[in-house]
2 protein chains.
Amino acid sequence: MWHRALVPEAPANSLRRALALLDALASDEARAQGGWGVNRLSAHLGRDASQISRTLRVLAETGYVERDPDSLRYRIGWHVFALAARAVDKRLLDAARPIIRRLAGADLGERIHLTVRSGPDVLTILTEGPTARSVQAMGWVGRLVPAWNTASGRALVIDLGKDELADLLSTASFSGGGPNAPNDVADLHARIVVARRIGYVTVEDEFEDGLSGAAAPIRDVHGRVVAALNVSGPTFRLRERLTLAGKTVQAAANELSAHLGWEGQVGTEIGPARVVPGKLA
Amino acid sequence: MWHRALVPEAPANSLRRALALLDALASDEARAQGGWGVNRLSAHLGRDASQISRTLRVLAETGYVERDPDSLRYRIGWHVFALAARAVDKRLLDAARPIIRRLAGADLGERIHLTVRSGPDVLTILTEGPTARSVQAMGWVGRLVPAWNTASGRALVIDLGKDELADLLSTASFSGGGPNAPNDVADLHARIVVARRIGYVTVEDEFEDGLSGAAAPIRDVHGRVVAALNVSGPTFRLRERLTLAGKTVQAAANELSAHLGWEGQVGTEIGPARVVPGKLA
DNA sequence: ATCCCCATTGCATGTCCAGCAACAGTGTGG
DNA sequence: CCACACTGTTGCTGGACATGCAATGGGGAT
């Protein structure tokens with residue numbers, strides 16, 4: 001009947017405490033100090049050091065944390081990274097499907113694509129139209145289009161500098177697009193700079209005359225662009241609401257980025273507070 | 001006094017089981033099936049479904065897993081991604097990216113990996129191929145390969161003595177590699193001694209027949225090996241220039257080590273190196 | 001309608017987790 | 001040199017909580 005000097009708290013749960021340990025190690029403060037030792041953690045979490053020590057041993061054995069043999073401090077282990085990295089592609093598809101469906105349906109009523117970059121080309125990996133339910137066998141998936149004259153492509157290279165762009169598109173010819181297509185790398189880069197500032201891309205008659213679209217980048221934990229969300233349709237139907245379309249796909253893309261752990265401009269803390277996956281941020 | 005129908009097993013530990021749950025959800029099989037349900041997991045882990053259900057509830061509340069409301073299946077959650085982002089050393093990653101790109105392109109023209117060690121396994125955290133295909137990269141990052149029959153692995157354990165090696169690989173079976181793979185710890189250690197002398201590792205047909213590679217260790221301020229730089233490609237294309245490849249990755253790895261503050265010399269024993277005033281950025 | 005498989009919950013049982021105290025190292029200052 | 005203030009680990013005991021079984025409630029099939 002020892003004094004419950006430390007958090008009398010509600011029906012706790014040992015698992016929850018162990019997970020809190022991981023969070024503590026992931027905090028900016030802990031990382032800045034090269035990890036935390038047992039006592040520091042025990043103070044932070046308000047529990048006895050003995051149990052922290054024992055719990056950490058298990059976490060270390062399983063690779064969830066690692067220990068610096070000299071300082072005896074613990075850090076988040078690479079095992080966690082491996083877990084996340086292997087799940088990222090599958091996860092993106094799972095999370096994207098309902099969102100794409102929603103956009104293609106009520107929100108925008110135009111065809112929505114999820115794309116990734118393959119060198120200088122854009123590869124569509126998931127698509128949904130307003131009418132065709134779950135019929136994705138329209139030849140859209142797997143289709144390659146150029147990056148330099150499409151909204152998706154521009155979103156996928158939105159972080160690249162002029163030199164990187166030139167390098168990437170060295171084999172591409174700036175010809176064959178629609179009337180508004182960029183003429184060269186400098187032109188393309190100028191448009192990218194604009195897109196970067198507003199956070200999404202809009203194109204009008206660039207890929208093909210009469211075809212317009214908007215796109216926004218999806219980022220992974222490191223902030224790297226791994227995919228893009230894109231709406232595409234005839235100019236006459238889309239022109240008036242191209243800005244709205246851009247903002248809509250941007251919101252959805254941000255939602256997907258959050259699913260991949262990107263914390264972007266949102267708070268840097270990792271806490272239990274979730275980053276609104278529900279409605280547009 | 002119920003029948004222990006399910007594994008009477010040794011003194012288990014609820015935390016260990018919960019972590020095993022996460023690992024199971026990250027498995028290729030589980031991911032391919034869009035996550036696993038309670039019963040599937042219970043069968044896989046050999047425990048009662050009730051406890052799986054309860055544990056998953058906690059994991060779901062904390063965001064470590066999340067659930068598809070339709071299929072009721074679980075998959076890795078956003079929280080893991082957030083943790084993973086904080087497990088990586090951003091300094092190393094940022095410094096490595098351009099160097100890896102350079103090596104993969106003009107310098108060597110083969111795929112380059114940045115790897116770290118996670119227990120007896122090697123984890124790829126960054127990769128770049130001669131043709132920039134971000135889709136392919138997704139399959140490499142997060143991948144685990146054994147340390148004992150790969151160039152990266154050998155570079156990552158290059159400082160370990162025979163005893164430490166034996167300890168580390170106690171659970172590994174020296175089988176299943178290519179024709180040139182080491183037969184036992186003594187064999188492996190002998191090869192490591194050679195690599196330590198020349199400062200880099202080369203392997204030919206060890207991990208897989210027809211696959212060769214070279215690797216070199218990256219060290220932090222304290223001289224500890226924290227990562228490895230690795231080039232990998234088909235033996236027929238790499239064999240003739242394996243030494244060149246080794247020296248190339250070694251130079252790049254040393255460059256990265258310098259970024260991390262290492263001032264030592266390959267081969268020289270410990271000793272407080274003089275403080276260098278100018279630090280290259 | 002019945003059957004089967006799924007996930008969840010109530011409950012009795014005892015495992016094993018919690019906190020305290022003692023112990024073992026290591027670095028610091030007297 | 002010892003005392004001291006730190007680290008992190010281990011022995012011990014009581015009881016919180018994880019465990020396995022059985023029962024309940026849903027969905028789909030047939």
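What you are looking at is a predicted structure, and each value in this text was computed from that prediction instead of being measured. These values consider heavy atoms only, across backbone and side chains, with no hydrogens, waters or symmetry-generated copies. In the text below, chain A, chain B and the rest are named by the order of the sequence lines, each starting its count at 1.
Under the 4.0 Å criterion applied to side-chain N and carboxylate O atoms, B:Glu29 and B:Arg40 are assigned as salt-bridge partners. Ion pairing between a basic and an acidic side chain is recognised when a charged N comes within 4.0 Å of a carboxylate O; B:Arg117 and A:Glu66 show no such pairing. Salt-bridge annotation for B:Asp159 and B:Arg219: present, with a side-chain N of the basic residue lying under 4.0 Å from a carboxylate O of the acidic one. One finds no salt bridge joining B:Asp94 and B:Arg91 here, because no Lys/Arg side-chain nitrogen approaches an Asp/Glu carboxylate oxygen to under 4.0 Å.
Atom CG of B:Leu41 is separated from atom C1' of C:dT8 by 15 Å (rounded to the nearest Å). Rounded to a whole Å, the CZ atom of A:Arg47 is 17 Å from the P atom of D:dG8. One atom, CG of A:Leu56, and another, P of D:dT9, lie 8 Å apart when rounded to the nearest Å. Between A:Arg40 atom CZ and D:dC6 atom P there is a gap of 14 Å when expressed in whole angstrom units. Rounded to an integer number of Å, the gap from CD of B:Glu61 to C1' of C:dT8 is 14 Å. In this structure, A:Ile52 places its CD1 atom 11 Å from P of D:dG8, rounding to the nearest Å. Put simply, CD on B:Gln51 is 15 Å from P on C:dA7, counting in whole angstrom units. Distance B:Trp36 CH2 to C:dC5 P: 19 Å, rounded to the nearest Å.
Taking the nucleotide of DNA chain D with the nearest heavy atom to each of B:Thr55 and A:Ala49, the more 5' of the two is matched to A:Ala49. Residues B:Ser53 and B:Leu15 each lie close to DNA chain C; by heavy-atom proximity, the contact nearer the 5' end of the strand is made by B:Ser53.
Looking at heavy-atom distances under 4.0 Å, A:Arg57 makes contact with sugar-phosphate atoms alone, never a base. Among the protein residues, B:Arg67 comes within range of the sugar-phosphate backbone only, with heavy atoms under 4.0 Å from sugar or phosphate atoms but none that close to a base.
Side-chain N/O atoms of A:Arg16 include none lying less than 4.0 angstrom from OP1 or OP2 on C:dC17. Regarding contacts with the backbone of D:dC17, every side-chain N or O of A:Asn13 stays at 4.0 angstrom or more from both OP1 and OP2. OP1 or OP2 of C:dA18 has at least one side-chain nitrogen or oxygen of A:Arg17 nearer than 4.0 Å. For A:Ser14 and D:dA18, the shortest distance from a side-chain N or O to OP1 or OP2 is below 4.0 Å.
Closest approach to the A:Leu72 side chain among C:dG19, C:dA7, D:dG8 is made by D:dG8 (side chain taken as heavy atoms from C-beta onward). Of the candidates D:dT9, C:dT8, C:dG19, C:dG19 carries the atom nearest the A:Asp48 side chain, counting heavy atoms from C-beta on.
Remark: the A:Arg54 side chain and the C:dG19 base include a donor-acceptor N/O pair separated by less than 3.5 Å.
Side-chain atoms of A:Arg16 and B:Thr62 include no donor-acceptor pair closer than 3.5 Å.
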